[in-house]
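Here is the structure we will look at.
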There are 2 protein chains.
Amino acid sequence: MMRLYDNLDSGNGYKCRLALNQLEIPFERIEIDISKGDSRSPDFLRINPNGRIPVLEYEPGAYLAESNAILFYLADGSPLLPGDRIGRAQLLQWMCFEQYSHEPNIATSRNWLLHFAIDDQRRTALESKREAGQAALDVMEGHLSGKRYFVGESYTIADIALYAYTHVAEEGGFTLEPYPNIREWLARVTAEPRHIPITHG
Amino acid sequence: MMRLYDNLDSGNGYKCRLALNQLEIPFERIEIDISKGDSRSPDFLRINPNGRIPVLEYEPGAYLAESNAILFYLADGSPLLPGDRIGRAQLLQWMCFEQYSHEPNIATSRNWLLHFAIDDQRRTALESKREAGQAALDVMEGHLSGKRYFVGESYTIADIALYAYTHVAEEGGFTLEPYPNIREWLARVTAEPRHIPITHG
């Protein structure tokens, strides 16, 4: 059985839990207490030298890190991953956008506001993350104009990757009120079969 | 003929130029002057609403953004991209690592040192980027122990993605002296057929 080294609070972990559930792949979830430094312990660094969850143990002793790489692995050959060359590339475009322009702003703001004291340095950084995060939401809102999903006509792992932190963006101090296309898309994703909430372990 | 909207100074652009050259795909290169804000102009935002180069016009009027998605598109079906499921996932793991843990530290430090005045705020940020960039280099050095390339036994787009900013890391204030495995791998990448330097337009 596959194992997911995970943290229940993490949107990156949630991407994998959600895909595993929707693909009906049985797995064992192992909670890693990031707040206690357990993702930087010598044992964990043998699993992922980069010291981050999630990690998928796809075969006993064989590990894959990076949430979007795990999504691609899990969905490869399923309807959650387009079978054509340009579809795959567009999917990766949105997953790269998520990791570079979205997650470092929206997820990091959420993490700080939920778990850290906000000193002056973090307050200044939050302001620039607010601006960059809104710019990412603007890009998403524009793309979703007239579209039901991010790539092609159906739900893919690009939607899972972008849903994970967008649907909890308000916990990061963002408001989704100015983004009707995003709000309709979020509702569409939530209505997909075998959807689970982020709190579902 | 494909078109690449590019900037000659950009390692992200270089990834695409290098892959196009090694795959012997003819293309027209269009230089975008980022310093003049040309990647944020209304015309450019119609090509990529996220306002970043590189962008590949793979068919007339059809655009693909994000350097690593472009690499995947170009290499799909070629020896630069593994044909098996786990190989593809490992390749994406390293490309996600590059965009999340490597590029924002090493490339951004290089960009600031080459092009911007270093005020107090940037000096503080540079210090934390130095630490995080060294941690990324440590992960690469460990992985390359006993390995010739990042994924499998041959040169792939994971090597291209990581080479782009690693080989100019010293311009970002990093020294590669403590990283013999990385230095040997850089030499191996440079010796690949049809290699071009970052300055080659």
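As a basis for the values below, the full set of heavy atoms in this structure was taken, side chains included, without hydrogen atoms, waters or symmetry mates. Numbered from 1 within each chain, the chains take letters A, B, ... in sequence-line order. Computed from a predicted model, the values in this text were never measured in an experiment.
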Q) Which region of A:S67, side chain (C-beta onward) or backbone (N, CA, C, O), has a non-hydrogen atom less than 4.5 Å from a non-hydrogen atom of chain B, or is it both or neither? A) neither
Q | chain B contact via A:R85 - which portion, at a heavy-atom distance below 4.5 Å | A | both
Q. Under a 4.5 Å heavy-atom cutoff, which of A:A125, A:P49, A:A65 has the most pairs with chain B?
A. A:A65
Q. When only pairs under 4.5 Å are counted, which of A:D138, A:L74, A:D76 shares the most heavy-atom pairs with chain B?
A. A:D76
Q.
Can you confirm whether more than 12 heavy atoms, excluding those of A:Q121, are under 6.0 Å from its CD atom?
A. no
To the nearest 0.5 angstrom, please state how far the [atom1] atom of [X] sits from the [atom2] atom of [Y].
X	Y	atom1	atom2	value
A:R52	B:F97	CZ	CZ	9.0 Å
B:L92	A:L71	CG	CG	10.5 Å
B:N50	A:W94	CG	CH2	7.5 Å

Side chains of [X] and [Y]: does their closest heavy-atom pair fall under 4.5 Å?
X	Y	result
A:Q93	B:Y73	no
B:C96	A:M95	no
A:I86	B:E59	no

**Q.** Flag for B:E66-A:Y100: side-chain donor and acceptor within less than 3.5 Å
**A.** no
Q: List the atom of B:A89, the atom of A:A69, and the distance in Å for their closest heavy-atom pair.
A: O-CB, 3.6 Å
